[in-house]
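A short write-up of the structure that comes next.
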Amino acid sequence: MQKAILVDRINIGIYGRTNTGKSTIMNLLTNQNSSIVDDTPGTTSDIVRVLYEIHDFGPVRIFDTPGLDEYTQVGFKRKEKALLNFKECDLILLVINPNNKNLKVENEIMSLAKQYQKQLIIVFNWFKNQIQNDYDLNKNVEFILENLFDAKAHNHLIIDASEKESSRKLVEAIKQFYKKEEKKIDILPFVKPYSFVALNIPIDEETPERRLLRPQNVVLDYLLRRMVPFAGYRMDLQKARSQIKEIQEEEKNNYLAFIEELNGTSMGLQLVITDSQAIDIVDKWTPREIPITTFSITMINYQSNGHLKKFIEGLNVLKRLKKHDKVLIAEACNHDRKCDDIGTKQIPRRLTQKLGFELEFKFVFGREFFSKELLDDCKLIIHCGGCMVDSQKIQARILTAEENLIPITNYGLVLSYIEGEKALNRVLEPWLKQLG
Ligand code: SF4
């Protein structure tokens, strides 16, 4: 079966100390003035991110980062962010001024590349006003390569970033030295063609007009490409949770009629995928013999490159949480939060009810980094499906959580856990073979 390509863009990070020409290199690579270039040290005060296409190589995401040798309070903050970003990179371009004799920053970057198993190219940027001839340049480069930690493990090139043609040299080096890894993962590895999948997509005030949410789109695309027939149901959650028995019954009958109709076809119904917030209803109403799972679980497995197991293990901490423990809720998209928002309202409320005591919830939205300050004293991270950030970011977040000894889990898993062991086992059952 055809597999989905997980890493759709290769992340390239430009690192080094201040005033080595990192921003000039960014502009050379992207053929535009993406970063401000100036002789003033620390001109790049935050990470600049540009999406770009390298012909015969593929789409890339290039990060120009602040110099790591700024020893001020704000400099340390910039460094922390740049180093968190480091984990998201597939390739590091370490930019060095060959006139530099102090290799503290460069050795730090090389050690990190080794620790996180990053591919790296050393880029010597030749400043002709500092070194005037080839002999001195080569002597300096040799000195650095001899004294730089793990230098032999990586390729290097020498350019003069002030010259336009250096752009070609850089691109060719990236194409030649970067080893593309086959990172492929199936979104729904257990789904077979020619049998129905039912998609439960409740629509509420937060649902944008004229488009589905990305996890729903990703799943639809996957099913279509694999000749898996599907049908969508819009569950009315207000009716489904109504205290008035007749209203609730009406919604239940509608849902059951939909499920029975699909199951009664010659193709049969192989799976129900639901929005996580409806798991309580879908678990109760769907006949036991029909497997169910959630969009959020499907998405986090895909985005984490198949690391669903780590998110399941993260649930264990729920049994050990104590009153007022801090829990970080991480949602990878940013939008206006209305009504009964899943991340900021439903999960805190339902988890508090389940545990029977108050927790302290912190929230982070969008692409924000998992800084020390944010993670401070957190006992658990609950992450959404993560569809609006790249897979490298999700994997970097897992790594940061592990480094800080904080378990990480997921919206769909937590909401299923809240419903009880049976519901949790049920949503996980389709995945068990893949988890080993
Ligand atoms: S980023 Fe998270 S919350 Fe937003 S649509 Fe994707 S999975 Fe849902």
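First listed ligand is number 1; within each ligand, the first listed atom is number 1.
Residue M299 places no heavy atom under 4.0 Å from ligand 1.
Listed by number with element, the atoms of ligand 1 under 4.0 angstrom from any heavy atom of G385 are 2 (Fe), 7 (S). Within ligand 1, the atoms closer than 4.0 Å to a non-hydrogen atom of C384 are 1 (S), 2 (Fe), 3 (S), 7 (S), numbered from 1 in the order shown. Residue G386 has at least one heavy-atom neighbour below 4.0 Å for each of these atoms of ligand 1: 2 (Fe), 7 (S).
Environment of CZ in F57: crowded, with over 12 heavy atoms of neighbouring residues, nucleotides or ligands closer than 6.0 Å. Within 6.0 Å of CZ in R211 there are 12 or fewer heavy atoms belonging to other residues, nucleotides or ligands.
Electrostatic pairing of R426 and D283 counts as a salt bridge here, judged by a charged N lying under 4.0 Å from a carboxylate O.
With respect to F124, the side-chain contact (heavy atoms from CB on, under 4.5 Å) criterion is satisfied by exactly one of L94, I96, V95: I96.
For atom 8 (Fe) of ligand 1, the nearest protein heavy atom (residue, atom name, distance) is P215 CG, 4.3 Å. Protein heavy atom nearest atom 4 (Fe) of ligand 1, with residue, atom name and distance: C333 SG, 2.3 Å.
Among the backbone and side-chain atoms of C387, an N, O or S atom lies under 2.8 Å from atom 6 (Fe) of ligand 1.
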Checking N410 against S296 for the side-chain hydrogen bond (donor to acceptor under 3.5 Å, both in side chains) test, could you report, in this order, the C-alpha distance in whole Å, the side-chain angles of both residues, the deciding distance, and whether it holds? CA-CA 7 Å; N410 157 265; S296 182; 3.0 Å; yes
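Both the backbone and the side chain of M388 come within 4.0 Å of ligand 1, counting heavy atoms alone.
The side-chain tip of K393 does not point at the ring of F370 from less than 6.0 angstrom away and within 45° of straight on.
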